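In this chain, numbering begins with 1 at the start of the sequence shown. This structure is a prediction, so every number in the text was calculated from the model and none was measured. Whatever order the structure lists ligands and atoms in, that order sets their numbers, starting from 1.
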Amino acid sequence: MPQFPALEQALKHYFGYDSFRLGQRQIIEAALQNRDLLIIMPTGGGKSLCFQLPALLKRGLTVVVSPLISLMQDQVQALRDNGISAAFINSSLNYKQVLACEQSILKGKTKLLYIAPERLLGERFLPFLDVVQNEIGIAGFAIDEAHCVSEWGHDFRPEYRQLQQLRYRYADVPVMALTATATERVRQDIIQQLALKQPNIHIASFNRPNLYYEVQPKQKNTYNQILKIIKQSKSSGIIYCLSRNKVDELTFKLQHSGIKALPYHAGLSNEERASNQTRFIRDDVQVMVATVAFGMGINKLDVRFVIHHDLPRNLENYYQESGRAGRDGEPARCTIFFGYGDRKTIEFLIKQKPDPQEQQIASQQLRQVINYAEGTDCRRTIQLSYFGEHFPGNCGNCDNCLESKPVEDWTIEAMKFLSCVARCQERFGMNYIIDVLRGSGDQKILQNGHHQLSTYGIGKDKSVDEWKMLGRSLLHQGLVEQTTDGYPILKLNPRSWEVMKRQRSVSIAVPTPKPDIIATAKSNLENELRKAAEVEMLFEKLRSLRKQLADAQSVPPYVVFGDSTLRLMAQQQPQTLEEFKEISGVGAHKLAQYGKQFIAEIRAYCQEQKLVEVPHQRQSQTSLADDIEIASPSYTQLLTLDLFKQNFTVEEIAEKRNLRPTTITNHLAELIEMNQPVDLNRLVPPERQKKIWQALQAVGVGSLTQVCEYLGSSYTYDEIKLVRGWWRRENRS
Ligand code: ADP
Ligand code: ZN
């Protein structure tokens, strides 16, 4: 095994990635020091790498405990596709295959073994593992989906409890537990049940910056809206419905509209479900219409949209279900269609529950979901506050933030609201407080004598809905609390008192009529789509090549290359193996396996483009420049600019923002072009700037590749892009 001076090199060599995601490096370093670890990261956060890379760098076998056969097979397939020797043992193998697998382990040929807990702890396997430990060593145990150990989690597995034995039988072998489930209770349970030794705990933010969240009203034309989302996206998506009937009905309609869609629910036979799932993962069909039965353990990273046709039952479920979108980190869209009918249906279902306590919990969860759906605050703020995480808002990637509803000062109203809570002695819920504020003659209010309070009737000027909007916003902003055990009662906190004492002002986002917003959002979108069209065409070509290669090996397409890697290929258009190797997601093994085919496709495309497009591009130079003249920086570009002004390097900004360095460089290049204060000298040394400038003068607005060819290989695309921003700015008018 070669020794790697830097972990980054190992990362590039085995997995093809250029940099670690936030937290990964620390985790891997701790793992290499044989620490026990508890890792809590959202779906798509990159948990697998945290045990896979140490497994490759350490001596001996790493045993990965995973609850689902399909997950194991997918992960092993993906590893093998990177040239890594991984294997699984589960009930899909026959006796002979298991023996062969064990042989290969004992010869030290297998670095990672995936296995289900009941197998691992079975009478047959543990003695074998003892032999492994003596002969080649056990590098570590990784317990995936570790929340299964807890009864408080959402899918408790009794067999996970037995995993404690590992800790005693192999006392010196480090254990790493990984999960995407957040609550404190489950965390403590994992540590205790697995007997982790002073574990190093990593809790990543649950924010998923690449997901766009939106809520749309459910109307008569909802079907058309859904069709539009499907057609715009052109890639895979899931549509969740509340009932089997709805699933069947919607699948049928979509098929009639020419969409490749399949159903998934508990009413189908096992074979049908398995086959539909596989066809979805392999991209044979675009859309899976499903009940919530679908999704657990589905290893499909490139789902580009998740639509909730009906209101989800609670926010935790919504987070998990919508979280199946964009696991590859690329942009994806999460939409809820919300109508009052849904509320009635769910209320009906809740009433069917026999246990009053369960009913109470369920209705409280329903209220939280409705708060989310009706909320005017940043959707992330609302979701993450549910997980106890404070998110400042203004994410720039949800409907509420993008539609930039006018923010109004509602301090006076907030003072009225909160002092009404105080005067009612923090013993009532939101509806009651609003009734008092609006001077309702409700019997209960009269009985409590609350019609005599000074706050009675001082809020008649606002409607019930307006007060609710304020109340919800106060909750989301943490300016008032709500009890969570049973009936929700409003409670004041120190921040509430600051508002009442006028030490803190309160702003809330007030909705405006929708059509305008949709129109501007649409025209922005169309503009972007136009610019992206060229890249998109190549991307599509690369996708079909990927599908061909994947089908030939019977693996899901993303195992060949992820969407993000294909997209980079489409953007950077590498023409040589050397250039191809630089693309994030291309490791040594995949370079050898697929490089030539992809380069051939890209070259062919560029040839075609040159024939038809280059003259046209030269002509349109001025109009392109005009576009940019009026352009102003986007929110995300401004965030980058802000950090850059604070003297952070590109890498540091990327790390902080959880984006790729290339993305940050693109921001900076565009900012330079827009004449924003970016000091180019900090990015590219002046003498190199000069050389690149000369190349641009000589080559003109051709592709980056042409400029690169002119310059020779010692210049990077990033440097050229940055100088090109400046060059374009100067060559305008
Ligand atoms: P999780 O298990 O946390 O849901 P995965 O381990 O499946 O997430 O990772 C999600 C995606 O992110 C995968 O496509 C994986 O290859 C990719 N990924 C992980 N780490 C990195 C990295 N450092 N750079 C780029 N992509 C990464
Ligand atoms: Zn937002």
Side-chain angles (χ1 to χ4, degrees), residues 7-8 10-12 14-25 27-28 39-53 64 66 68 71 74-75 78-79 81-82 84 142 144-146 178-181 202 204 206-215 297-303 320 323-330 332 334 372 375-384 391-405 476 509 556-568 583-587 590 635-636 654-655 658-663:
L7 287 177
E8 269 79 6
L11 178 70
K12 180 71 190 165
Y14 288 115
F15 297 95
Y17 299 129
D18 299 326
S19 56
F20 289 105
R21 295 223 180 114
L22 213 63
Q24 280 178 335
R25 187 176 230 287
I27 293 170
I28 290 166
I39 294 157
I40 297 159
M41 252 189 210
T43 308
K47 281 186 287 298
S48 326
L49 198 83
C50 298
F51 57 81
Q52 289 169 348
L53 192 58
V64 185
S66 170
L68 292 159
L71 271 184
D74 287 350
Q75 287 221 1
L79 284 167
D81 223 55
N82 273 320
I84 294 163
D144 208 1
E145 314 285 349
L178 307 104
T179 173
T181 299
H202 285 262
F206 270 63
N207 183 19
R208 303 271 314 271
N210 58 318
L211 301 188
Y212 172 77
Y213 294 106
E214 64 177 356
V215 179
I298 301 301
N299 210 9
K300 182 163 175 63
L301 305 184
D302 54 357
V303 173
Q320 301 291 350
R324 291 181 185 130
R327 286 184 48 195
D328 52 9
E330 289 292 290
C334 306
Y372 173 81
T376 49
D377 299 296
C378 172
R379 305 265 180 222
R380 289 191 156 68
T381 305
I382 309 178
Q383 271 192 27
L384 293 173
F391 184 81
N394 266 327
C395 73
N397 200 20
C398 77
D399 53 354
N400 283 343
C401 289
L402 281 188
E403 287 168 9
S404 66
K405 300 188 184 80
H476 301 151
Y558 69 79
V559 169
V560 175
F561 282 121
D563 277 9
S564 52
T565 304
L566 280 198
R567 193 159 288 285
L568 287 173
I583 304 267
S584 172
V586 180
K590 286 193 180 172
Y635 179 71
T636 176
E655 169 101 2
N658 209 358
L659 293 171
R660 294 191 192 86
T662 323
T663 312

Nearest-contact summary for atom 9 (O) of ligand 1 - protein heavy atom, Å
Gly46 CA, 3.5 Å
Quick one: the SG of Cys378, the Zn ion (ligand 2), SG of Cys401 angle, rounded to 10°, please.
100°
Does an N or O from Lys47, backbone or side chain, lie closer than 3.5 Å to an N or O of ligand 1?
yes
Among all protein heavy atoms, pick out the one at the shortest distance from atom 15 (C) of ligand 1; state its residue, atom name and that distance to 0.1 Å.
Tyr17 OH, 3.6 Å
Going by an N to O cut-off under 4.0 Å, is there a salt bridge joining Glu214 and Arg379?
no
Let me see the working for Tyr558 and Asp74 under side-chain contact (heavy atoms from CB on, under 4.5 Å), right down to the final yes or no.
CA-CA 10 Å; Tyr558 69 79; Asp74 287 350; 3.9 Å; yes
Angular separation of Cys395 SG and Cys398 SG about the Zn ion (ligand 2), given to 10°:
110°
Heavy-atom nearest neighbour in the protein, as seen from atom 20 (N) of ligand 1, with distance rounded to 0.1 Å
Gln24 NE2, 3.0 Å
Here the pair of heavy atoms bringing Gln75 nearest to Asp144 is NE2-OD2, 4.3 Å
Looking only at N/O atoms, are Leu49 and ligand 1 under 3.5 Å apart anywhere?
no
Going by the order shown, which atoms of ligand 1 are within less than 4.0 Å of some heavy atom of Leu301?
13 (C), 14 (O)
Atoms of ligand 1 less than 4.0 Å from Pro42 heavy atoms?
3 (O)
Taking Asp328 for the side chain and Glu330 for the main chain, is one N or O donor matched with an acceptor at less than 3.5 Å?
yes
Does ligand 1 have any atom sitting under 4.0 Å from a heavy atom of Ser19?
yes
Could you tell me if any non-hydrogen atom of Gly44 lies under 4.0 Å from any atom of ligand 1?
yes
Criterion side chain to side chain donor-acceptor pair (under 3.5 Å) against Arg380, the qualifying member of Asn394, Asn400, Asn207
Asn207
Rounded to the nearest 0.5 Å, what separates atom CD in Gln24 from atom CG in Leu7?
11.0 Å
Can you list the ligand 1 atoms lying under 4.0 Å from a non-hydrogen atom of Ser48?
2 (O), 5 (P), 6 (O), 7 (O)
Provide the number and element of each atom of ligand 1 under 4.0 Å from a heavy atom of Phe20.
23 (N)
Under 3.5 Å: donor-acceptor pair, side chain of Lys300, backbone of Ala325
no
Between Arg208 (side chain only) and Thr43 (backbone N and O only), is there a donor and an acceptor less than 3.5 Å apart?
yes
Are Tyr213 and Asn397 side-chain neighbours, meaning at least one heavy-atom pair lies under 4.5 Å?
no
Per-atom contacts, ligand 1 versus Thr43 - under 4.0 Å to a heavy atom
4 (O)
Identify, by atom number and element, the atoms of ligand 1 in contact range of Arg327, meaning under 4.0 Å from any of its heavy atoms.
4 (O), 7 (O), 10 (C), 11 (C)
Do Arg21 side-chain atoms and Asn658 backbone N/O form a donor-acceptor pair below 3.5 Å?
no
Side-chain donor or acceptor of Lys590 paired with backbone N/O of Asn82 under 3.5 Å:
no
Considering only protein heavy atoms, which is closest to atom 27 (C) of ligand 1, and at what distance to one decimal place?
Arg21 NH2, 3.4 Å
With a 4.0 Å cut-off on heavy atoms, does Gly45 reach ligand 1?
yes
